[in-house]
Every structure is written in structure tokens, then in C-alpha cells.
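Treat the numbers as computed from the prediction; the structure is a model and nothing was measured.
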Amino acid sequence: MEKVLVKSIFRETEKFMGKVVEVSGWVRTIRASNAFGFIELNDGSFFKNIQIVFESNLENYKEIAKLGTGSAVRVFGKVVESAGDKQPFEIKAEKVEVVGTSDEDFPLQKKRHTLEYMRTIAHLRPRANIYNAVFRIRSLVAFAIHSFFQERGFVYVHTPIITGSDCEGAGEMFQVTTLDLNNLPKKDDGTINYGEDFFGKATNLTVSGQLAVENYCAAFRNVYTFGPTFRAENSYTQRHASEFWMIEPEIAFADLHDDMKLAEDMVKYIINFVLEKAPEEMEFFNSFVDKTLLERLNFIKNSEFGKITYTEAIELLKKSGKQFEYPVEWGCDLQTEHERYITEELLKKPVFVIDYPKEIKAFYMRMNEDNKTVAAMDLLVPGVGEIIGGSQREERYDRLLARIQELGLKKEDYWWYLDLRRFGSNPHAGYGLGFERMIMYITGMQNIRDVIPFPRTPKNAEF
RNA sequence: UCCUCGUUAGCUCAGUCGGUAGAGCGGGUGGCUGUUAACCACUAGGUCGGCGGUUCAAGUCCGUCACGAGGAGCCA
């Protein structure tokens, strides 16, 4: 008897037709009369369920008919054509072994639940169709990203999770300490003596691997990081989480346009990859989450992303005649409402906005010739907003140092970053892709909490 | 952190003008020879988020706290 995965039966139906097989999985639903019944079984290998027909001649018929949703069973039976029209084939059971029953209070029912409720049962929600699809896509996108960069010779660098530099400047940080919080060692001036802490200094969880990965860029030319990132912001929105994953490529001897080319190629690669590897899941999202999803993704595959400068964006917003809550003026940061208008109404596709005023961007971004703007780029996409933020880095030692001092940062904190500009400095660029935001964009899911297995947000670290 | 809206059965929700609790699904029991969120009958199930106040009377009005959702800011 052959132990087979449901995915194989769906993909190579002819091979199994008429054969007796063994399948095992979890009961999604059971419908039974006193003479026969149907089990919809999901074995985890495939998005779709396989229908099991079982008849009252089985010695444990009553036991099977009473099984609750979620039960684990092993089925031995023949693959046959189905008499019903909702599925092309089914398994006629010769034996159904109950492996693990499911208590009657199994929370997932044969009905629609709200996503909010599902978040309260995060340990069980992957067994629901929508989450099953989301997390298979998540796995595929992660693989697609590695595949994209590895095919192009990029080296995967593991930048540290615990960082000793408190100067990454990308947001509020989570402190990492082994000090006894009820009895903190103090210095003479009353401040905490971090010399006694585990690392002998104050440390935090990383908010970005970029500064670290730039060093490896200067050795391997093209590199990327892909790992968890932590931000201790009190953000209560659909697209912010305290723990999320980020991909940060960095390329040497490259400018902002090379950077954008890479980002665009990567996004298209990921879309192609997912459409090819998970058609059933994508079809499901298109039917139940966002009716325009496939149309949109297919359009993007074959179209060029938009590209406008910050200055042009400001002019377009001013000319739009739209009444924005925040008035538009050159020098102001683009608000969410502005970004949405640009990508969702004006261009209706992904768009790079480049060359932002230096005042609203980070110190390490390369100064343009106008001395007013920096070579930065944000990729905005409809529905999600900013999905990528990147820049060409300031490779000129004097200019970088001047920026650090202008902003009142301490030169000593950046000694190793500055060293890069002393030993073989070269024009280089990179960006950060929000992994979960990419998943949201590809699936149409609207809340970041629904694309992370166990999401961490302020006041929520259950599970 | 700020603004808005929520919290009623296991789940999704209704509950009028303040008068003492309802439905569907799910669970249980029984029926049904091809179901597709199966169907039919019966049945159990409630500290109406917590605390305080107004009132003869509060799920309903007021205050407050907790939690959730949406928006803003921060960003990916």
C-alpha cells in the first residue's frame, strides 16, 4: 500500500486512479447519513481537500460519522471518479483509522469567522483556508527571495540581531539586558551602570541590518540580509508590527538607478514565482479576498514601474486640485494620503519616488548635485503604501562626516561605518523590503497581523 | 501617543421609546441511500467586558477602566 500526499493525487491523478492508497490528515468537515458519509480531508500538502466516501459496512462507521472537525485520521481506500460534480475524484474508504479525535469545542467551524477572532486562536488558524494559503505563500516568497538573489550571485549575510550601536536611527528600540530590573547597578551620578550588563554596554534588538551589511558589500560586492527586525513603536495600524522581517540588499559600484532596477526585477520575480508555484492559493485570494488581485499582478508583471522625483510629486499633488488634510509644500514629508493618491489614483501602479529633500531622510543617503536633495527612493504600491525604502549611500568621507556632524550625531559611534569610506570607498546602494508588506501586496490581505504566524504588536505577545 | 467606533450564547449578530434575553451557525440526541457551509426534528447553552453612578426599573442613559478594530504619526 502506498502512502501518498494529497497534492500528488491532484497533480498526477491518472497515476493513482483505481489504485488503493493510504492518506492521512485532518478532517475539515463530515457529512453523514445512516448509510454513508463524506469526509473532507486536508493533509497539509495541498490547499484543496480530498473527499473520502465511507459506508456503513465499515466496522467503526458510527465512530467515524461522529468525528468532530479537526480530528486526525488515516484512510486506506481506492481512488475513484466522483459521482458528485464538485470534485473530479474521491477516495472510497476501505478502512478509516481514527488517529486523534478533536474535542467538541474545536473553535474552527464550517462557517466564516472574522479575522479578528482568528487572531485570538493563532495556534489553530493555520488550519483555516485563508491562513493556510497565506502561510504557504509566505514560505514561497521567502524562498523566491533567496532564489532571486542567489541566482544573481548575491551573498547572504547574517547581520546581528543584538546590536551594540544605539544609533541606527530607524525607530524606537527594544533594549536587551540581563540586569536585574528590580535592582539596577548605578554609577556615582545615579545613572545605570551598563558596564555590569551582559555585553558591558547597553544593547538593543536590531532595527535594520543595513549599516552592518554595507561592510560585507565592500567585500562580496553584492549582498543581502534577510532576517527579523524589531521596532518598539506604539504603532496601531494594519501595516506595522513590532517584530517583522526585512530583506536588505546592498550593491557595490552602483547608483540609485541600478538600485531601482534591482528592486523592480525582484518584485516581478517574486510575483512570477508565486503565480507559478501556488495557483490554487492565488485563485482563492482572487475569489475571496480581492477580486482584482490576479488582474493587477499580471498587469504589473508586464509593465514598467512609475518613476517620479519628489519635486515632481509635489507639483502633481498641488495640481491635482484634491483637498488633502495635510497641505503639500516642497520640503514636507509625503503623508500617507499623498502616497496613496500618487500610487492608487494618479499612476495606478507601483511607483518609485526619488530624490527627497535631505532634511527628511537619513544621514547616510548620498547628497545630490543640487545640495538640497539626496539619492533616496521609496517604492509605493496600491493598497499597501510604502513597501521598499532605499538609497544610494554617501560614499564620500568628507560629505558623510559633515552630515553626521550637521545632525549632531557622534562621530565615534560611526567609526567603523566611516572606515568604509577610507578603505576602497565606492558608490553603492541598497534598499529595505518589508517582507510582510510584500506578502500583503501579493495576497491582498489587508492586515499585517494576518500574514505573520504569531504577530507581535503593542500589548500583544500571546502565543 | 492622539482621534473615532466597538465589546450581548462557543462563533456571527439582532435587541425599538429604559420595563428583566433572541436568531442563524456550532454542540448534544434522533432521523435521512451521493453530500458539497448537506438536510429535517428535538435539545442544552447568558455575571449582556469590569467597576461605579442616575432611576421604581439599565443590555439600553452617564462616568471610568480594560480589551479589540479603524484612522493619524513613525516607518518596512
Side-chain angles (χ1 to χ4, degrees), chain A residues 28-40 48-57 62 65-66 68-70 80-87 90 92 102-121 128-129 168-172 207-210 226 228-248 263 324-326 333-337 339-340 360-362 378-381 384-390 431-441 446-452 457-460 462:
Chain A
R28 284 292 178 85
T29 170
I30 288 188
R31 298 175 287 273
S33 69
N34 59 3
F36 58 86
F38 304 92
I39 299 174
E40 276 186 50
K48 291 184 173 173
N49 306 320
I50 192 162
Q51 175 161 283
I52 312 292
V53 187
F54 61 106
E55 298 187 344
S56 55
N57 58 1
K62 284 270 185 218
K66 288 185 122 179
T69 305
V80 296
E81 282 187 25
S82 177
D85 50 2
K86 291 278 175 75
Q87 59 282 318
E90 62 195 15
K92 180 131 192 311
S102 183
D103 289 355
E104 65 199 29
D105 59 344
F106 183 68
L108 287 170
Q109 300 176 7
K110 295 185 266 191
K111 56 170 270 191
R112 207 186 143 273
H113 291 288
T114 59
L115 299 178
E116 289 82 8
Y117 172 65
M118 292 292 212
R119 284 173 211 150
T120 69
I121 51 166
N129 283 336
E168 296 187 30
E172 291 295 311
V207 292
S208 164
Q210 184 209 315
F226 184 4
T229 308
F230 307 88
R231 305 258 168 106
E233 306 279 356
N234 270 323
S235 298
Y236 291 90
T237 80
Q238 305 177 327
R239 57 187 196 284
H240 288 89
S242 312
E243 177 183 296
F244 63 99
W245 284 58
M246 191 155 65
I247 295 92
E248 297 174 284
F324 294 109
E325 194 187 331
Y326 292 83
D333 209 348
L334 293 179
Q335 305 296 315
T336 299
E337 56 173 346
E339 295 184 343
R340 291 185 77 103
I360 58 174
K361 286 293 179 183
D378 283 356
L379 178 63
L380 312 177
V381 298
V384 180
E386 185 180 345
I387 198 170
I388 286 175
Y431 60 81
L433 165 73
F435 182 61
E436 284 79 12
R437 289 188 183 175
M438 188 73 210
I439 307 295
M440 290 165 73
Y441 184 55
Q446 291 188 343
N447 197 308
I448 196 167
R449 300 174 186 99
D450 297 323
V451 301
I452 301 180
T457 51
K459 300 275 185 293
N460 183 8
E462 189 65 54

Participant: Do the side-chain N or O atoms of Thr237(A) get closer than 4.0 angstrom to the phosphate oxygens (OP1, OP2) of rG70(B)?
Facilitator: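 For Thr237(A), the contact criterion (side-chain N or O under 4.0 Å from OP1 or OP2 of rG70(B)) is not met.
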
Participant: Can you tell me how far P in rA66(B) sits from the matching atom in rG26(B), rounded to whole Å?
Facilitator: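 Roughly 38 Å separates the two P atoms.
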
Participant: Glu116(A) CD to rG49(B) C1': how many Å, rounded?
Facilitator: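 My rounded result for the distance is 17 Å.
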
Participant: Return the CD1 to CG distance between Ile387(A) and Leu379(A), rounded to the nearest 0.5 Å.
Facilitator: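 The CD1 atom of Ile387(A) sits 6.5 Å away from the CG atom of Leu379(A).
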
Participant: Output the rounded distance in Å from CD (Gln238(A)) to C1' (rU4(B)).
Facilitator: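 The answer, rounded to whole Å, is 15 Å.
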
Participant: What nucleic acid atoms does Arg28(A) come within less than 4.0 Å of, heavy atoms only: base, sugar-phosphate, or nothing?
Facilitator: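 Counting heavy atoms under 4.0 Å across all strands, no contact is made by Arg28(A).
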
Participant: Separation of Ile448(A) atom CD1 from rC75(B) atom C1', in whole Å?
Facilitator: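 Spelled out: CD1 on Ile448(A) to C1' on rC75(B) is 11 Å.
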
Participant: Between Lys459(A) and Gln335(A), which residue's closest nucleotide on RNA chain B lies nearer the 5′ terminus?
Facilitator: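 The residue whose closest nucleotide sits nearer the 5' end is Lys459(A).
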
Participant: P atom, rU60(B) versus rC2(B): distance in rounded Å?
Facilitator: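 Taking atom P in both rU60(B) and rC2(B), they lie 26 Å apart.
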
Participant: Test for a donor-acceptor pair under 3.5 Å between the base of rA76(B) and the side chain of Arg231(A), counting only N and O atoms.
Facilitator: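 When only heavy-atom distances are counted, Arg231(A) does reach the base of rA76(B) through a donor-acceptor pair under 3.5 Å.
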
Participant: Atom CG of Leu108(A) and atom C1' of rG26(B): how far apart are they, to the nearest Å?
Facilitator: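 Rounded to whole Å, this separation is 12 Å.
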
Participant: Expected output check: what is the dot-bracket annotation of RNA chain B, where ( ) and [ ] are pairs inside the strand (brackets for crossing ones), | is paired with another strand, and pairs are Watson-Crick or G-U under 3.5 Å?
Facilitator: (((((((..((((.....[..)))).(((((.......))))).....(((((..]....))))))))))))....

Participant: On a whole-Å scale, what distance lies between the C1' atoms belonging to rC48(B) and rU8(B)?
Facilitator: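 About 4 Å, rounded to a whole number of Å.
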
Participant: Kindly determine whether Phe435(A) and Phe226(A) satisfy ring-ring contact (aromatic ring centres under 6.0 Å, His included), including the steps that lead there.
Facilitator: CA-CA 9 Å; Phe435(A) 182 61; Phe226(A) 184 4; 5.2 Å; yes

Participant: Treat primed atoms plus P, OP1 and OP2 as sugar-phosphate and everything else as base, then score nucleotides 32-46 of chain B 5' to 3': B for base contact with protein heavy atoms under 4.0 Å, S for sugar-phosphate contact only, - for none.
Facilitator: BSBBBBB--------

Participant: Decide, yes or no, whether a salt bridge links Asp333(A) with Lys361(A) under the criterion of side-chain N to carboxylate O below 4.0 Å.
Facilitator: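 No salt bridge links Asp333(A) with Lys361(A).
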
Participant: Taking atom types as they are modelled, would you say the side chain of His113(A) forms a donor-acceptor pair with the base of rC11(B) within the 3.5 Å cutoff?
Facilitator: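 When only heavy-atom distances are counted, His113(A) does not reach the base of rC11(B) through any donor-acceptor pair under 3.5 Å.
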
Participant: Does the side chain of Thr457(A) come within less than 4.5 Å of Glu233(A)'s, by heavy atoms?
Facilitator: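 No, every pair of side-chain atoms sits at 4.5 Å or beyond.
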
Participant: So Tyr431(A), base contact, sugar-phosphate only, or nothing? Heavy-atom distance under 4.0 Å.
Facilitator: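 Here Tyr431(A) touches no strand at all.
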
Participant: Salt bridge check: are Glu243(A) and Arg231(A) linked by an N-O gap of less than 4.0 Å?
Facilitator: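 Salt bridge absent between Glu243(A) and Arg231(A).
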
Participant: Output the rounded distance in Å from CD (Glu325(A)) to P (rA72(B)).
Facilitator: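 Distance check: Glu325(A) CD to rA72(B) P gives 9 Å.
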
Participant: In whole Å, what is the span from the OH atom of Tyr236(A) to the P atom of rU1(B)?
Facilitator: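 Distance check: Tyr236(A) OH to rU1(B) P gives 6 Å.
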
Participant: What integer number of Å spans the C1' atoms of rG59(B) and rU47(B)?
Facilitator: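 It works out to 12 Å between them.
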
Participant: Determine whether Arg31(A) and Glu40(A) satisfy the following criterion, salt bridge (charged side-chain N to carboxylate O under 4.0 Å, His left out), listing intermediate values before the conclusion.
Facilitator: CA-CA 9 Å; Arg31(A) 298 175 287 273; Glu40(A) 276 186 50; 3.3 Å; yes

Participant: With rounding to the closest Å, how many angstrom separate the P atoms on rU43(B) and rA69(B)?
Facilitator: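 To the nearest whole Å, 39 Å.
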
Participant: Within the structure provided, determine whether Arg449(A) and Gln238(A) are in side-chain contact (heavy-atom separation under 4.5 Å).
Facilitator: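 No, side chains not in contact.
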
Participant: Can you label the angle between the His113(A) ring and the Tyr117(A) ring as parallel, tilted or perpendicular, going by 30° and 60°?
Facilitator: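 His113(A) vs Tyr117(A) ring planes: tilted.
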
Participant: Measure the spacing between CD of Gln51(A) and CD1 of Ile39(A) and express it to the nearest 0.5 Å.
Facilitator: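 Separation between the atoms: 10.0 Å.
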
Participant: Using the P atom as the point on both nucleotides, what is the distance between rC3(B) and rU64(B), in whole Å?
Facilitator: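 Result for the P pair: 12 Å, nearest Å.
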
Participant: Nearest-Å distance, CZ (Phe435(A)) to C1' (rC75(B))?
Facilitator: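 Those two atoms, CZ and C1', are 18 Å apart.
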
Participant: Working to the nearest 0.5 Å, report the span between OG1 of Thr237(A) and CD1 of Ile448(A).
Facilitator: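 Here the rounded value is 7.5 Å.
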
Participant: Taking only side-chain N and O atoms of Arg119(A), does any of them lie within less than 4.0 angstrom of OP1 or OP2 on rA69(B)?
Facilitator: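 Result: yes.
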
Participant: Tell me which of Phe106(A) and Asn234(A) sits closer to the 5' end of RNA chain B, going by the nucleotide each one is nearest to.
Facilitator: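 Closer to the 5' end of RNA chain B: Asn234(A).
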
Participant: Consider the side chain of Asn447(A), meaning its heavy atoms from C-beta on, and name the nucleotide among rG70(B), rU12(B), rU1(B) that approaches it most closely.
Facilitator: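 Of all the options, the side chain of Asn447(A) is nearest to rG70(B).
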
Participant: Assess the residue pair Arg239(A) and Asn447(A) against the criterion (side-chain hydrogen bond (donor to acceptor under 3.5 Å, both in side chains)); give the C-alpha distance rounded to whole Å, side-chain angles, the decisive distance to 0.1 Å, and a yes or no.
Facilitator: CA-CA 6 Å; Arg239(A) 57 187 196 284; Asn447(A) 197 308; over 6 Å; no

Participant: Does the aromatic ring of Phe244(A) sit over the six-membered base ring of rA76(B), closer than 5.5 Å centre to centre and tilted less than 30°?
Facilitator: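 Yes; by the centre-distance and plane-angle rule, Phe244(A) counts as stacking on rA76(B).
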
Participant: Would you kindly check whether a donor in the side chain of Gln109(A) faces an acceptor in the base of rG10(B), or vice versa, at under 3.5 angstrom?
Facilitator: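 Check passes, donor-acceptor contact within cut-off.
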
Participant: Whole angstroms only, please: what is the CG-P distance between Leu115(A) and rA69(B)?
Facilitator: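 Nearest whole value for this atom pair: 11 Å.
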
Participant: So what does Lys361(A) hit on the nucleic acid, given a heavy-atom distance under 4.0 Å: a base, only sugar-phosphate, or nothing?
Facilitator: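 Lys361(A): no heavy atom of the nucleic acid under 4.0 Å.
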
Participant: What distance, rounded to whole Å, do you find between the two C1' atoms, one in rA9(B) and one in rA44(B)?
Facilitator: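 So the two C1' atoms sit 11 Å from each other.
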
Participant: Is any side-chain heavy atom of Lys459(A) closer than 4.5 Å to a side-chain heavy atom of Tyr236(A)?
Facilitator: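 A side-chain contact under 4.5 Å exists here.
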
Participant: When the P atoms of rA23(B) and rG45(B) are considered, how many whole Å apart are they?
Facilitator: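 Going atom to atom, P in each nucleotide, I get 14 Å.
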
